[in-house]
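What's counted below: heavy atoms across the whole structure, side chains too, no hydrogens, waters or symmetry copies. We count residues from 1, following the sequence as given.
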Amino acid sequence: MNTATLTPGLMAVRPDADAPPVKETEMAAAPAPQTQAPAPAATEPSVSLGERFGNFIRAVLPPLLGFAFVIGVWALVAMNSSDFPSPAKTLDAAVVLFSDPFYSNGPNDQGIGWNILSSLKRVAIGFGVAALVGIPLGFIIGRFAFMNSMLEPIISILRPVSPLAWLPIGLMVFKAADPASTWTIFICSIWPMILNTAQGVQRVPQDYLNVARVLNLSEMKIITKILFPSVLPYMLTGIRLSIGTAWLVIVAAEMLVGGTGVGYFVWNEWNNLSLTNVIFAVLLIGVVGMLLDLMFAQLQKVVTYVE
C-alpha cells in the first residue's frame, strides 16, 4: 500500500517514493485548461440624424434668440426716438464703410480697416512688452517669498489705478501720442499676467520641488521642467484677461490722443454727428474683442488638455 505524507503548514500531499511514476501518455491525455475568448470590443452607439439635428438646434437656437431679443429692443428704441438709428440704418452704414475699408485721404481720414489695424498694432506692442516683463516677474514673485513680500504692496497700490490716469504720464515722458497709448496698454495689461503666473507657481505641489532638490536640479531646470508646464494654464488665463484689458484701454486712449485707431474713429464720428457710424463702431469693437478672447480661449483649452 502506498503511503502519503501530509505537510501541516501547506496542507499538501507528498506521494511516497514507492508510488509508480505518472506516465507521459496520461499527462498528455489530461485536458488543457480552457481560456476564455476575449469579449468583443464595445461599439459606440450610432447617433441618428434626428439626434444630431436636435443637438444642433439646442446649440444654435439660444444665441439666435438672444440676438433677436437685443435687435428687437434696439428697433423699439429707434422707433420711439428720432435721433437713435435703427438696425437697418446701421447695417446700411456698415455696408458703406466696408465697401472701401482701406482708403486713405490723409493721416486723419482713413478707412475703418486702417483704424482697426492701427489699434491692433498698438495692442500687440503694448501687450507683447507686458508679457515679456510680467510673466518672468510673476515667476520671481511666486518662487521667492522675499520678492513676494517686497512687491506685493506696490502691485496692490498700482493695480487699481484707472487706465486713463496713466495716459498723461505717458504723454509727459514720450512727448508723442502713439507711444503714450502703447505705454497705457502696457501698464494696464501687465497686472493679470503677474498675478496669475505667481499664483500658478505657488500652487505647484511641494513634492515636485522636493524631488528636484534631491536630484540637485539647477534653478533653470526647475523652471523649465517643473514650474513652466504646471504654470502654463494659469499663465494663459492671465494672458487672456490681459488681452481683454488691452483692447478695452486702447479704445479709451485713442479717443483722447487722436490720430488713427478705432477709438479715434468713434470720437471723430461723434463730432461729425454720425451716430449710425458710432453704433456700428461700437459693435465692431465688441466683435474684435470677442475674436481675440476666443483665440486665447482655444489656446488655453489645448494647453489644459495636453497637461
Side-chain touch D178/K121, heavy atoms, less than 4.5 angstrom: no
L292 CG to R240 CZ distance, which is reported to the nearest 0.5 Å: 11.5 Å
More than 12 heavy atoms from other groups under 6.0 Å of CZ on F296: yes
Sub-6.0 Å ring centroid separation between F98 and F280: yes
For W114, the rest of its hydrophobic cluster, which grows through side-chain links under 4.5 angstrom: F102, L117
Beyond-backbone contact of V96 with N277, side-chain heavy atoms, under 4.5 angstrom: no
Side chains of I135 and I239 in contact at under 4.5 Å (non-hydrogen atoms): yes
Exceeds 12 heavy-atom contacts within 6.0 angstrom, atom CH2 of W267: no
Residue pairs, two or more places apart or on separate chains, that pass side-chain hydrogen bond (donor to acceptor under 3.5 Å, both in side chains) and touch residues 197-211: Q206-N210, N210-R213
4.5 Å side-chain heavy-atom contact, K225 and L217: no
Rounded distance [0.5 Å steps], CD1 in I250 versus OG in S118: 7.5 Å
Test item: side-chain donor near acceptor, E254 and S181, under 3.5 Å: no
